[in-house]
Visitor: 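Would you mind keeping the following structure in view while I ask a few things?
What you see is a predicted model; the values in this text were computed from it and never measured. Keep in mind that the numbers below use all heavy atoms, side chains included, and drop hydrogens, waters and symmetry copies. In listed order, ligands and their atoms are each counted from 1.
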Amino acid sequence: MLHYLSRGSVPAKPHTVFRDARGKLLYEECFTRRGFDTEFSILYHEGPPQVDEEIGPSEGDPRLRVAATLAPPQPLRRRLVLGENAPQGVTPILASEDVVVSLERHPPMESDIGFSNGDGDDLHFVYSGKAVLETPFGDLPVGEGDYVLVPRGVPHRFRVLEALEGIVFELRGGFHLPVQFRNPVGQLKMDAPFTHRDFRAPGFTGPRPGPSEILVKKGDRFVKRRPRSSVFDVVGWDGTVWPFAFPILAYQPKTGLIHLPPTIHATFAAPGLLFCSFVPRVTDTHPDAIPCPYPHTSVDCDEVIYYVRGNFTSRKGVGPRAISLHPMGVPHGPHPGSYEASIGTRSTDELAVMMDTFRPLSLTTQALALEHTPYHESWK
Ligand SMILES: [Fe+2]
């Protein structure tokens, strides 16, 4: 997904005999995407990874993941969901065939249950807190302002050191970097908004105990596994599929003579989805530039913004952890006064994550409970 890495011990050739120091045979796990056709990693386990003591249906676990419950069809409205009022655990708020968006809040905890999402890659954004993401690839410390990608099917758990809060996007078609950021051999180009060095990989730990149970989500249903050996019993791995963290403030924004379209903030992509990072930056340099976004009718995009901090140029009255949804079908643009007030400004301190979707999103029943309903009328 990014670049090739190798950690711990791996044999010279895949699919050959590989033993530990005591002569015990180790077990390969080929972790592949899109069949056997695209990116993969190979992990070497002390025990066979496919053997369970028990495996059976489960209801899910609100601390880890529950299925989204869609609200009845809604009239076309601009929506604002207040993340500050979200309950503990994982709360789905928006869903389509391409993505499920959930708020997450976790107290400090060391859980004995892991999670594996068979429905998509999980792209987390950490609003606040500190945790260690434990995976078969190693341990990855994460914190405020980090995007954290957990590839589909990776068993993992967060050891939460300081209360963790943020948002998670389940990318059902699979995460990728926008293709225009790469050169023909896959390296990030020099004009990409980040470099390979900005992405943090897990620190390799070697074999260690893992969670005794793994909750697996597939098709929005759940099973619980009790694996015979630790899912973290890995002596080495190599490949291009691995969890990573990317700090949003490492994003390198671009500024133009006049206002550039939101695609200039492109960060990550998935089929039907584009993620953008709005970071503090110098704004347009033309003496008559209007730095605030122009009103626009994007006829085939729903636009979601997760507000992190700072004074967002185009909106008034939205605070940190609020999520706005501007649906396709009606024009949208700055709040009254914002457009005019931006003239002559030369910088912005806004920090936000935006997601454009090409298939319409539905709200969940949980989102309706957190909605700030006057938002729709706030352009009058
Ligand atoms: Fe927009």
Visitor: Please give me the minimum heavy-atom distance between V90 and V66, naming the atom from each residue.
Guide: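 Closest heavy-atom pair between V90 and V66: O-CG2, 3.9 Å.
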Visitor: Quiz question: by atom type and distance under 3.5 Å, do the side chains of E303 and H332 form a donor-acceptor pair?
Guide: yes
Visitor: Can you count the protein N/O/S atoms lying under 2.8 Å from the Fe ion (ligand 1), leaving waters out?
Guide: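 There are 3 of them.
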Visitor: Pair up each side-chain donor or acceptor in residues 263-271 with any protein partner under 3.5 Å, not counting sequence neighbours, and list the distances.
Guide:
| from | atom 1 | to | atom 2 | distance (Å) |
| --- | --- | --- | --- | --- |
| T267 | OG1 | H265 | O | 3.0 |
| T267 | OG1 | S277 | N | 3.1 |
| T267 | OG1 | S277 | OG | 2.8 |

Visitor: Do E104 and H124 have a side chain donor and acceptor closer than 3.5 Å?
Guide: yes
Visitor: Considering only NZ, NE, NH1 and NH2 on the basic side and carboxylate oxygens on the acidic side, decide whether R208 and D139 come within less than 4.0 Å.
Guide: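 Result for this pair is yes, salt bridge flagged.
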Visitor: Is it true that K130 and E144 have a side-chain N and a carboxylate O under 4.0 angstrom from each other?
Guide: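 A salt bridge is absent here (no side-chain N lies under 4.0 Å from a carboxylate O).
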